[in-house]
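Only one structure is covered here, and it is reproduced in the block below.
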Amino acid sequence: MSLHPTQSAPAPWKKTFQDHLDKSGGASAEFILATVTPKGEPRARTCIFRGFWATLPDNEHNKLPKNPAVFESDCPTFTTDARMDKTYHVFATGKGQGDLAQSRSGTGGGGPVEAVFWFKQTNTQWRVRGKCWVVAADDIEGGTPEAQNSGTMTVKAEVQRYMRTKTDGGSEADGNKSTWSWRREMENYFENLSPMMRGSFKNPPPGQPLAEGRDDEAGEALGQKAGHLSDEPLARKNFRVAIITPEQVEAVDLTDPAKATRQIWTLDQEHGGPGGPGPSESVGEWNRVETWP
Ligand SMILES: Cc1cc2nc3c(=O)[nH]c(=O)nc-3n(C[C@H](O)[C@H](O)[C@H](O)COP(=O)(O)O)c2cc1C
């Protein structure tokens, strides 16, 4: 496993990316997610940004207990369904080469993705490349040792390396770190969705022909609402939070055609990244190069 040490400072692109996001819908901005099929073919689809991992946005309707605000990361997240192709793609193309059954049963993944954001308000296109990890509520923590499968261990190890301790926390934050719960974070991701959106995780299997019917006994149907994740076994079986651990990020600002440049930041090899195009300037764990657009 090529693990890089925990990143000590925010990625150099994070602040600008966040500013552009805030001007263009914030947490709920749409982006295009590309995955690779096991045959090496591209697949792209629209998804909704749900914040950076460990700093889930506030939602006035969500009254659940929250994790202590002790971590932050540079990892974009979205929610998805275990039965969708994208979940299988990131399992099958990850190092563990997960099969279809594994991709539907729990935490894992690690395949390559690219997330593309077009921010009209700032005339900027952002492309975030990295690995995609898929987290399920039931095996991520607190389960039996058997449920803590190798997928769970890998995902926790890989994602934790992107989780920085917030600097303003002091010694109290150190104590709170041990109470931070992956499962509680999952429950809050679900709770942040509307009741209808939560209910979609009880839909009949996405992509399966209507002729094959649906599992009425399990409660599969379209147009349902759902409550808390802990009270919804069917939705919990299908609900996933996907975390992108970025390795290369580029931004092209098209505001002024006479001055437009493209910036490419690449996580350096020492920190588990692919290195990157030179000549480049080193900013923390990231190398930056400015190119013609
Ligand atoms: C505006 C919009 C937002 C969407 N957001 C998501 C999302 O956040 N997560 C998701 O899995 N699918 C989302 N979808 C659905 C996907 O685009 C896609 O149709 C579905 O996930 C199946 O894709 P797949 O079989 O390639 O995995 C969204 C679709 C639209 C039109």
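Ligands are counted one by one from 1 in listed order, and the atoms in each one are counted from 1 as well. For reference, positions follow the sequence shown, starting with 1.
The closest heavy-atom contact to atom 12 (N) of ligand 1, among the options Arg50, Lys86, Arg45, comes from Lys86. If you check each of Val90, Thr77, Ile48 against atom 3 (C) of ligand 1, the one with the closest non-hydrogen atom is Ile48.
Taken together through direct or relayed side-chain contacts under 4.5 Å among Ile, Leu, Val, Met, Phe, Trp and Tyr, Leu267 and Ile244 form part of one hydrophobic cluster. In the hydrophobic cluster analysis, where Ile, Leu, Val, Met, Phe, Trp and Tyr join through side-chain heavy atoms closer than 4.5 angstrom, Val113 is grouped apart from Trp118.
Using a 4.0 Å cut-off to heavy atoms of Cys47, the atoms of ligand 1 that qualify are 4 (C), 5 (N), 6 (C), 7 (C), 8 (O), 9 (N), 10 (C). Proximity to Thr80 (heavy-atom distance under 4.0 Å) selects the following atoms of ligand 1: 10 (C), 11 (O). Of all atoms in ligand 1, listed by their number and element, those nearer than 4.0 Å to a heavy atom of Thr79 are 7 (C), 8 (O), 9 (N), 10 (C), 11 (O).
Distance screen at 4.0 Å: atom 19 (O) of ligand 1 has no protein heavy-atom neighbour inside the cut-off.
Side-chain contact annotation: Glu30 with Thr46, donor-acceptor N/O pair under 3.5 Å absent. Side chains of Ser24 and Lys120: a donor-acceptor N/O pair is absent below 3.5 angstrom, by distance only.
Any N or O atom pair closer than 3.5 Å counts here, and Asp81 shares no such pair with ligand 1.
With hydrogens and angles disregarded, a donor-acceptor distance shorter than 3.5 Å links the side chain of Asp139 to the backbone of Thr107. Judged by distance alone, with hydrogens and angles left aside, the side-chain atoms of Asn238 form a donor-acceptor pair with the main-chain N or O of Phe201 at under 3.5 Å.
In this structure, the protein non-hydrogen atom closest to atom 31 (C) of ligand 1 is Thr46 CB, 4.3 Å.
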